[in-house]
Amino acid sequence: MDRVLLEVDSGVALITVNDPDRRNAVTDDISAGLRSAVNTAQNDPNVHAVVVTGAGKAFCAGADLSALGSAAEDGLRRLYDGFLAVADCTLPTVAAVNGPAVGAGLNLALACDVRISGPAALFDARFQKLGIHPGGGMTWMLQRAVGPQVARAALLFGLRFDADASVSHGLALKVADDPVAAARELAAGPASAPREVVIATKSTMRATYSPGSLDNELHVAAVAVELGPQATSIQAPEFAERLAAARRK
């Protein structure tokens with residue numbers, strides 16, 4: 001079964017993480033599939049926007065814990081590569097968050113330009129609860145999305161966001177009964193505009209977010225800062241205990 005699906009319709013590419021039995025947890029295969037799907041979409045002249053969602057009841061339940069438990073820095077980079085491809089996409093991106101977006105799944109949602117929550121959406125960093133240092137640029141992305149105080153409440157105090165809270169805190173644009181349909185409707189805007197204008201506008205917004213650097217360059221810098229502490233936290237003996245407990249749930 002293809003773990004990442006790509007469907008193009010009316011100028012919009014729909015990328016679906018397709019492992020519902022494991023709640024779309026990120027593995028090396030899924031990460032590589034996301035990279036491939038994003039590359040295919042942005043290299044297709046008929047695609048003007050990208051929607052990302054998950055199959056089944058979850059958006060993405062984070063990184064596969066068995067893969068994460070044995071991963072050092074190189075392994076972490078492989079797991080992160082898929083949502084970093086989304087973050088680097090030259091086209092506008094919308095996350096249709098149909099269910100829980102946990103840990104690295106929250107990273108995937110944050111990697112998109114806009115998020116739309118379904119009624120069952122749940123945004124949960126959960127890194128600290130598992131004894132893991134945040135990674136993949138989470139500290140930077142979340143602060144950019146909701147501001148320092150709310151981001152610290154999430155990463156240090158375990159604050160989670162349901163659908164309504166995601167909107168009230170600015171994490172999502174709106175709540176929709178069918179988030180994929182709402183994301184497609186939003187993506188119809190760039191889909192009907194000249195592609196070169198769409199790409200240029202996103203590029204300019206990246207350059208003006210923090211003049212003197214591109215916003216995705218700031219993301220890369222955040223990944224590098226987080227990588228060492230995260231790898232160290234994963235290799236701590238206590239992590240194996242928490243990993244075993246998580247598997248029993």
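The first residue of the sequence shown is numbered 1, and numbering continues consecutively from there.
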Open item on the list: Quick check for you: to the nearest 0.5 Å, what is the distance between Leu6 atom CG and Ile15 atom CD1?
Closed with: 6.0 Å
- [ ] Show the numbers, then the answer: is there a salt bridge (charged side-chain N to carboxylate O under 4.0 Å, His left out) between Asp124 and Lys129?
- [x] CA-CA 10 Å; Asp124 183 2; Lys129 185 175 182 180; over 6 Å; no
- [ ] Could you tell me which residues satisfy salt bridge (charged side-chain N to carboxylate O under 4.0 Å, His left out) with Arg22, sequence neighbours excluded, listed by chain and number?
- [x] Asp19, Asp64
TODO: Find out whether Val26 and Cys60 are in side-chain contact, i.e. whether some heavy atom of one side chain is under 4.5 Å from a heavy atom of the other.
DONE: yes
Open item on the list: Please check: side-chain N/O of Ser31 versus main-chain N/O of Gly82, any donor-acceptor pairing under 3.5 Å?
Closed with: yes
Open item on the list: Just checking Arg160: does its CZ atom have more than 12 heavy atoms from other residues, nucleotides or ligands closer to it than 6.0 angstrom?
Closed with: no
TODO: First locate atom CG of Asp113, then atom OG1 of Thr93, and finally report the distance between them rounded to the nearest 0.5 Å.
DONE: 3.5 Å
- [ ] Report the distance from atom CZ of Phe83 to atom CG of Leu106, rounding to the nearest 0.5 Å.
- [x] 9.5 Å
- [ ] Indicate if Met141 and Tyr209 have the same hydrophobic cluster label, given that clusters are the connected sets of ILVMFWY residues with side-chain heavy-atom separations under 4.5 angstrom.
- [x] yes
TODO: Determine whether Leu142 and Leu155 make a side-chain contact, defined as any pair of heavy atoms from C-beta on separated by less than 4.5 Å.
DONE: yes
Task: Stepwise side chain to side chain contact (heavy atoms under 4.5 Å, CB included) check, Val180 with Asp178 - done: CA-CA 6 Å; Val180 173; Asp178 186 339; 3.8 Å; yes
Open item on the list: Between Thr40 and Ser36 (side chain of the first, backbone of the second, donor and acceptor by atom type, cut-off under 3.5 Å), is there such a pair?
Closed with: yes
Task: Donor-acceptor under 3.5 Å (Gln143 side chain, Ala151 main chain) - done: no
Open item on the list: Given 3.5 Å as the limit, does a donor-acceptor pair link the side chain of Thr27 with the main chain of Ile30, or not?
Closed with: yes
Open item on the list: Treating Arg115 as the side-chain partner and Ala109 as the backbone partner, does any N or O pair qualify as donor plus acceptor under 3.5 Å?
Closed with: yes
Open item on the list: For the backbone of Gly11 and the side chain of His48, can you confirm whether one donor and one acceptor N or O come within less than 3.5 Å of each other?
Closed with: no
Task: Neighbour count above 12 (heavy atom, 6.0 Å) for Asn43 CG - done: yes
Task: Closest approach of Ala183 to Ala96 (non-hydrogen atoms, all atoms of both residues) - done: CB-CB, 4.1 Å
- [ ] Check whether any side-chain N or O of Glu185 sits under 3.5 Å from a backbone N or O of Ala182 as a donor-acceptor pair, and report yes or no.
- [x] no
- [ ] Begin with the C-alpha distance, continue with both residues' side-chain angles, and end with the deciding distance and a verdict on side chain to side chain contact (heavy atoms under 4.5 Å, CB included) for Val52 and Leu108.
- [x] CA-CA 9 Å; Val52 179; Leu108 178 59; 4.3 Å; yes
Open item on the list: Ignoring hydrogens, what is the shortest heavy-atom contact between Ala63 and Leu79? Give both atom names and the distance.
Closed with: CB-CD1, 4.2 Å
Open item on the list: Ring centres under 6.0 Å, that's the criterion: do Phe161 and His169 meet it?
Closed with: yes
Task: Ala191 versus Val12, closest heavy-atom pair with distance - done: CB-CG2, 4.0 Å
Task: Heavy-atom pair with the smallest gap, counting every atom of Gly103 and Met138 - done: O-CE, 3.7 Å
Task: Side-chain heavy-atom pair Gln128, Leu156 within 4.5 angstrom cut-off - done: yes
Open item on the list: If I compare all heavy atoms of Thr139 with all of Pro134, which pair ends up nearest, and what's the gap?
Closed with: CG2-CB, 4.0 Å
Task: Nearest atoms (heavy-atom pairs only) where Ala58 meets Pro100 - done: CA-CD, 3.9 Å
Task: Nearest-0.5 Å distance, CG of residue Leu218 to OG of residue Ser213 - done: 4.0 Å
- [ ] Using side-chain hydrogen bond (donor to acceptor under 3.5 Å, both in side chains) as the criterion, point out the one residue from Asn18, Asn24, Asn98, Thr16 that pairs with Thr53.
- [x] Asn98
- [ ] Run the numbers on Arg144 and Asp215 for side chain to side chain contact (heavy atoms under 4.5 Å, CB included), then give the verdict.
- [x] CA-CA 10 Å; Arg144 181 179 68 160; Asp215 72 345; 2.9 Å; yes
TODO: Indicate if Val50 and Val8 have the same hydrophobic cluster label, given that clusters are the connected sets of ILVMFWY residues with side-chain heavy-atom separations under 4.5 angstrom.
DONE: yes
Task: Pairwise distance NZ(Lys174) to OG(Ser117) - rounded to 0.5 angstrom - done: 11.5 Å
- [ ] For Arg152, look at atom CZ and say whether over 12 heavy atoms of other residues, nucleotides or ligands are found less than 6.0 Å away.
- [x] no
Open item on the list: Is there a salt bridge (charged side-chain N to carboxylate O under 4.0 Å, His left out) between Arg184 and Glu7? Walk through the geometry before answering.
Closed with: CA-CA 12 Å; Arg184 285 184 181 275; Glu7 171 194 338; 3.2 Å; yes
Open item on the list: Has Gln42 got a side-chain atom pairing as donor or acceptor with Cys89's backbone, closer than 3.5 angstrom?
Closed with: no
Task: Cluster check Leu110, Leu122: I/L/V/M/F/W/Y, side chain < 4.5 angstrom - done: no
Task: Side chain proximity check, Thr232 to His133, heavy atoms < 4.5 angstrom - done: no
Task: same_hphob_cluster(Leu76, Val86) at 4.5 Å side-chain heavy-atom cutoff - done: yes
Open item on the list: As an exercise, state the distance from CG of Leu173 to CG of Leu186, rounded to the nearest 0.5 Å.
Closed with: 6.5 Å
Task: Cation over ring face, Arg23 and Phe59, 6.0 Å, 45° - done: no
Open item on the list: Let me check something: do Val114 and Val150 share a hydrophobic cluster, defined by ILVMFWY side-chain heavy atoms less than 4.5 Å apart, either directly or through other members?
Closed with: no
Open item on the list: Contact between Leu91 and Arg195 at the side-chain level, heavy atoms closer than 4.5 Å - yes or no?
Closed with: yes
- [ ] Under the side chain to side chain contact (heavy atoms under 4.5 Å, CB included) rule, what do Val94 and Ile116 come out as? Steps first, then yes or no, please.
- [x] CA-CA 7 Å; Val94 185; Ile116 294 177; 4.2 Å; yes
Open item on the list: Strictly distance-based, threshold 3.5 Å: is any side-chain N or O of Lys202 a donor or acceptor partner for the main-chain N or O of Thr90?
Closed with: no
Open item on the list: Main chain of Ala165, side chain of Asp162: is a donor-acceptor contact present, judged purely on distance under 3.5 Å?
Closed with: yes
